[in-house]
Q: 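I have a structure I would like to understand better, so I am pasting it below and will then ask my questions one at a time.
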Amino acid sequence: VDVSGYSRPMEQDEVGTLRTLKDYRERMSGLVGRHGGRVINATGDSMLADFDSVVEAVNCATEVQRELAERNRAQQ
C-alpha cells in the first residue's frame, strides 16, 4: 500500500493528514489480521503485509480499497 499524492495533503495540512493516515493504517492493519495476514512494515505513507494465502491477500486488498474509497467519499 502506498498513498497516492501524499505530498500535497501533507503540505496543506500536515497534522490532519497524519491523523487520517493513522486512522487508515489502523483500519488496514485490522483488515490484514482479519484475513490471516500480518503487517511487516509501515513507514511513512506505505504499508507492507504478508499473507500465507493468495486468496486472502486479494480479498483483503479488495476490502481495503472498498473501505478507503467509502471513507474518502465521506471526507469530500
Side-chain angles (χ1 to χ4, degrees):
V1 176
D2 187 48
V3 178
S4 175
Y6 180 68
S7 298
R8 191 181 72 208
M10 281 295 285
E11 290 172 359
Q12 295 172 348
D13 180 10
E14 184 176 347
V15 172
T17 300
L18 290 173
R19 187 178 315 118
T20 300
L21 180 63
K22 181 178 183 244
D23 177 50
Y24 281 24
R25 185 179 287 148
E26 287 172 0
R27 183 60 186 144
M28 287 186 291
S29 294
L31 291 171
V32 166
R34 193 166 85 199
H35 286 276
R38 63 186 177 97
V39 175
I40 295 173
N41 195 357
T43 306
D45 67 331
S46 65
M47 177 182 281
L48 178 63
D50 179 56
F51 295 84
D52 290 333
S53 166
V54 173
V55 171
E56 286 302 320
V58 171
N59 289 339
C60 180
T62 302
E63 194 169 347
V64 164
Q65 289 177 351
R66 188 177 310 122
E67 176 153 337
L68 296 186
E70 289 174 13
R71 287 177 180 227
N72 288 339
R73 273 193 299 278
Q75 288 186 4
Q76 295 176 351

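These values consider heavy atoms only, across backbone and side chains, with no hydrogens, waters or symmetry-generated copies.
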Q: Partners of R19 by side chain to side chain contact (heavy atoms under 4.5 Å, CB included), sequence neighbours excluded?
A: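 Partners of R19 under the side chain to side chain contact (heavy atoms under 4.5 Å, CB included) test: V15.
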Q: Quick check: do R71 and R27 have side-chain heavy atoms less than 4.5 Å from each other?
A: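 Counting from C-beta outward, R71 and R27 do come under 4.5 Å.
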Q: Is it the case that over 12 heavy atoms from other parts of the model lie below 6.0 angstrom from the CD atom of E14?
A: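 Atom CD in E14 is not crowded, with 12 or fewer foreign heavy atoms closer than 6.0 Å.
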Q: How long is the span from the CG atom in N41 to the CG atom in L48, to the nearest 0.5 Å?
A: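 So the CG of N41 and the CG of L48 are separated by 6.5 Å.
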Q: Which value, rounded to the nearest 0.5 Å, describes the distance between M47 atom CE and M28 atom CE?
A: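 It is 4.5 Å, given to the nearest 0.5 Å.
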Q: Taking only residues two or more places apart in sequence, or in another chain, which ones meet E11 in a side chain to side chain donor-acceptor pair (under 3.5 Å)?
A: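 Checked E11 against side chain to side chain donor-acceptor pair (under 3.5 Å); zero matches.
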Q: Does one side chain, of Y24 or D45, offer a donor that lies under 3.5 Å from an acceptor on the other?
A: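 Judged by distance alone, the side chains do not pair up.
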Q: Apply side-chain contact (heavy atoms from CB on, under 4.5 Å) to the pair V58 and F51, showing each step before the final yes or no.
A: CA-CA 10 Å; V58 171; F51 295 84; over 6 Å; no
Q: What distance do D13 atom CG and R8 atom CZ have between them, rounded to the nearest 0.5 Å?
A: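 Interatomic distance, D13 CG to R8 CZ, rounded to 0.5 Å: 12.5 Å.
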Q: Measuring from atom SG of C60 to atom CD of Q65, what distance do you get when rounded to the nearest 0.5 angstrom?
A: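 Between C60 SG and Q65 CD, I get 10.0 Å after rounding to 0.5 Å.
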Q: Nearest heavy-atom pair of A42 and R25: which atoms, and what distance?
A: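 Minimum heavy-atom contact is CB-NE, 3.7 Å.
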Q: Once rounded to the nearest 0.5 Å, what's the spacing between atom CG of L68 and atom CZ of R73?
A: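 Separation between the atoms: 11.0 Å.
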Q: Got a second to check how far L31's CG is from E26's CD, nearest 0.5 Å?
A: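 CD of E26 is found 12.0 Å from CG of L31.
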